Amino acid sequence: MLDIVFIVLLVVGFIGLKFFTDWCEGQINRKQ
Amino acid sequence: MEILQIAIIFIVFALLCIPIGKYLYKVSEHEKTFIDPVVDKIDNFIYKLSGIKKGAMTWKKYVLALLSTNAIAAFIGYLILRLQSINVLNPNHIKGMEQGLTFNTIISFLTNTNLQDYSGESGLSYLSQMIVITFMMFLAASTGLAVAWAFMRALAGRKNEIGNFYVDIVRITTRILIPASIVLSIFFVAQGVPQTLAPTKTLTTIEGKLQDIPLGPVASLEAIKLLGTNGGGFFGANSSHPFENPTPLTNAVEIISLMILAGSTVICFGHMLKKKKQAIAIFAAMSILFFIFLPICYNSEKAGNPVISRIGLSQAMGSMEGKEIRFGLGGSTLFTVATTSTSCGAVNNMHDSLTPIGGATALMNMMLNVIFGGKGVGFMNMIMYAILTVFICGLMVGRTPEFLTKKIEGKEIKLVAFAIIIHPFLILMFSALALVTKSGLAGISNPGFHGLTQIIYQYTSCAANNGSGFEGLGDNTMFWNVTGGIVMFLGRYLSMIILIAVAASLASKKSIPETSGTFKTDNTVFTITLVFIVLIIGALTFLPAVALGPIAEHLTL
């Protein structure tokens with residue numbers, strides 16, 4: 001059970017970083 | 001004599017950075033090197049086998065390639081550590097690692113932190129040591145350096161051509177890390193470090209008692225542990241163990257090894273920009289900070305511990321509690337400052353036993369996280385501060401801030417500010433969480449000011465991806481394993497992504513010609529201003545925490 005929790009935590013972490021990368025892209029593409 | 005020893009080691013390090021920095025540049029730019037005839041064939045075989053296409057990536061593709069590679073390594077590593085009890089290269093019959101500890105260990109080694117909440121000799125099979133721990137040491141180091149290269153290429157103005165992540169990590173591994181590790185491993189074996197697959201030996205001591213002598217493939221791990229600024233030891237005692245660091249000579253070589261690629265990265269930056277003076281300015285700022293903290297640590301340890309002095313024990317040699325006689329005070333304090341500056345995290349003495357001010361210097365090196373730094377990370381953080389410096393100086397004189405001929409705008413400063421805030425946020429918020437929960441407080445072995453330092457040190461080490469332990473803290477519990485894992489994960493990837501994005505944003509802008517009014521970033525004035533900005537931001541952020549921990553402890557001695 002705990003294995004599943006930790007694997008899910010890692011998956012969520014990496015997917016979260018993907019969205020964070022998208023957010024950064026949005027920030028640098030914004031016109032000043 | 002000790003000061004001479006420190007001076008010689010630093011001078012050798014600084015001199016070696018020049019040719020190695022040039023070599024890093026040649027490898028990053030695919031220029032001809034002496035190793036090409038042998039390694040080209042190996043690289044091409046790897047590209048063919050894994051289907052790597054060599055085309056340049058955009059910054060976003062580069063980051064996504066990094067994340068996917070690291071994610072796959074994390075899942076495979078997790079499985080191996082959980083299933084290590086199978087009888088493959090496991091002569092000491094080590095059991096599978098517990099879930100929380102596995103989570104912590106995988107993130108720790110993936111993020112170049114190498115914080116170890118286990119003891120290698122009793123917690124890992126030889127298979128795990130080799131294909132999880134040593135493999136991740138190569139992967140994490142090459143990932144860090146690859147990101148630094150991508151960052152430099154973007155700063156050099158190469159829009160949408162910041163390199164190919166897969167090609168970069170292959171070239172870093174086969175042309176830098178593996179050859180250097182082989183040379184260093186052979187040196188370590190010659191100095192008495194074991195390299196064997198034989199199981200632990202049980203011997204009879206001269207007192208007639210039985211003693212287990214753990215062995216294993218130590219020398220190979222030791223080399224990449226230092227060169228990759230990984231820091232995770234084969235044994236729990238890390239570089240204070242005589243099988244990891246047997247002689248004063250290995251100690252000197254270990255210090256140089258753990259600093260060398262971090263320092264050379266700055267020189268590589270100068271070649272990449274074709275502006276050597278810029279690299280010298282950054283290297284000088286890092287060296288100034290290094291030599292601010294080193295004498296504080298050395299003198300504090302040299303003065304000895306007044307509490308021990310009061311009970312009648314001589315402190316003529318300085319505070320030698322937790323230190324190895326074979327390294328002495330100079331070799332121990334230099335190692336401490338070097339390992340916490342470079343985010344390596346290997347230790348050759350017990351940091352928990354440092355005097356409060358000595359411990360504070362180690363803590364502050366990691367809090368600043370800009371002095372040489374780990375594989376590329378400290379360098380990137382220093383550039384982040386350089387951008388902030390030109391922004392602040394621009395505001396002061398009423399000019400549009402520029403860095404490396406590119407205009408700095410609000411969007412870059414917004415991201416830089418975010419990157420600067422993440423580090424203290426992770427350290428202070430998680431420390432606060434530990435202080436208000438029973439599980440967090442249960443880890444403290446020495447209540448009071450020192451206990452607070454234990455907690456702050458743990459999260460600082462995690463957030464800076466350093467990995468050195470203050471020890472003393474009972475950190476192999478679900479609370480510490482999980483929170484430490486989260487801090488290491490966020491501390492590593494968030495700032496990396498932000499800084500590549502900032503560099504890519506600058507790369508996409510037109511260059512502004514330098515005029516007599518341009519704020520120069522490659523002279524002494526800039527270097528000194530940069531040092532002050534780093535110290536002021538660091539002090540504003542962390543001074544209250546340091547005052548309540550090590551400084552308060554010092555005042556009560």
Side-chain angles (χ1 to χ4, degrees), chain A, chain B residues 58-64 66-75 77-79 81-83 96 98-104 106-107 110 407-412 414-415 418-419 422 478 481-482 485-486 488-490 492-494 496-509:
Chain A
M1 181 61 191
L2 269 177
D3 283 320
I4 296 169
V5 171
F6 287 123
I7 296 279
V8 168
L9 207 55
L10 282 170
V11 171
V12 169
F14 280 107
I15 292 174
L17 290 175
K18 197 259 168 202
F19 285 111
F20 182 71
T21 309
D22 292 339
W23 179 80
C24 287
E25 188 185 31
Q27 290 298 313
I28 63 170
N29 288 339
R30 276 168 76 170
K31 295 261 180 214
Q32 290 292 304
Chain B
T58 61
W59 78 269
K60 195 180 170 189
K61 269 193 180 171
Y62 201 94
V63 168
L64 295 180
L66 179 162
L67 294 177
S68 52
T69 307
N70 278 226
I72 291 166
F75 297 125
Y78 188 97
L79 277 180
L81 291 189
R82 290 286 294 131
L83 302 173
E98 182 268 325
Q99 295 97 329
L101 184 56
T102 307
F103 175 76
N104 183 284
I106 285 301
I107 294 179
L110 194 65
K407 203 163 87 172
I408 307 283
E409 293 176 283
K411 57 186 178 183
E412 286 93 20
K414 190 175 167 186
L415 286 173
F418 191 42
I422 288 167
M478 192 57 86
N481 282 332
V482 173
I486 293 169
M488 287 186 267
F489 188 86
L490 297 176
R492 168 80 161 180
Y493 295 110
L494 291 183
M496 263 187 179
I497 295 169
I498 289 174
L499 291 173
I500 294 191
V502 169
S505 176
L506 293 177
S508 65
K509 294 180 180 183

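Throughout, a chain's letter reflects where its sequence line sits, starting with A, and its residues are numbered from 1. Quick caveat, the model's predicted, so the values are computed rather than measured.
- With rounding to the nearest 0.5 angstrom, the CG atom of A:Asp22 is 10.0 Å from the CD1 atom of B:Ile497.
- B:Ile107 touches chain A through its side chain: at least one heavy atom from C-beta onward sits under 4.5 Å away, while N, CA, C and O do not.
- With respect to chain A, the highest number of heavy-atom pairs below 4.5 Å among B:Gly100, B:Ser508, B:Ser68, B:Ala74 belongs to B:Gly100.
- Here B:Tyr62 pairs with B:Phe165 under the ring-ring contact (aromatic ring centres under 6.0 Å, His included) rule; sequence neighbours left out.
- Using bins of under 30°, 30° to 60° and over 60° for the plane-to-plane angle, the ring pair B:Phe418/A:Phe20 lands in the tilted bin.
- You'll find the side chain of B:Ile498 stays beyond 4.5 Å of the side chain of A:Trp23, heavy atoms only.
- In this structure, chain A has a heavy atom under 4.5 Å from the side chain of B:Leu415, while its backbone stays farther away.
- Between B:Leu67 atom CG and A:Thr21 atom OG1 the span is 5.5 Å, to the nearest 0.5 Å.
- B:Phe103 is linked by a ring-ring contact (aromatic ring centres under 6.0 Å, His included) to A:Phe6, counting only residues two or more places apart in sequence or in another chain.
- The shortest heavy-atom contact between B:Tyr78 and A:Leu2 is OH-O, 4.4 Å.
- More than 12 non-hydrogen atoms from other residues, nucleotides or ligands lie less than 6.0 angstrom from NZ of B:Lys509.
- Interatomic distance, A:Leu17 CG to B:Arg492 CZ, rounded to the nearest 0.5 Å: 12.0 Å.
- The shortest non-hydrogen separation linking A:Val11 to B:Phe75 is CG2-CZ, 3.5 Å.
- Looking at heavy atoms from C-beta onward, B:Gln99 lies out of side-chain contact with A:Val5 at the 4.5 angstrom threshold.
- For B:Leu506, no part lies under 4.5 angstrom from a heavy atom of chain A.
- Note that the NZ atom of A:Lys18 and the NZ atom of B:Lys60 stand 5.0 Å from one another [nearest 0.5 Å].
- Between A:Cys24 and B:Trp59, the closest heavy-atom pair is CB-CH2, 4.0 Å.
- Distance CG/B:Leu79 to CD1/A:Ile7: 6.0 Å, rounded to 0.5 Å.
- For the pair B:Lys411 (side chain) and A:Ile28 (backbone), a donor-acceptor distance under 3.5 Å is present.
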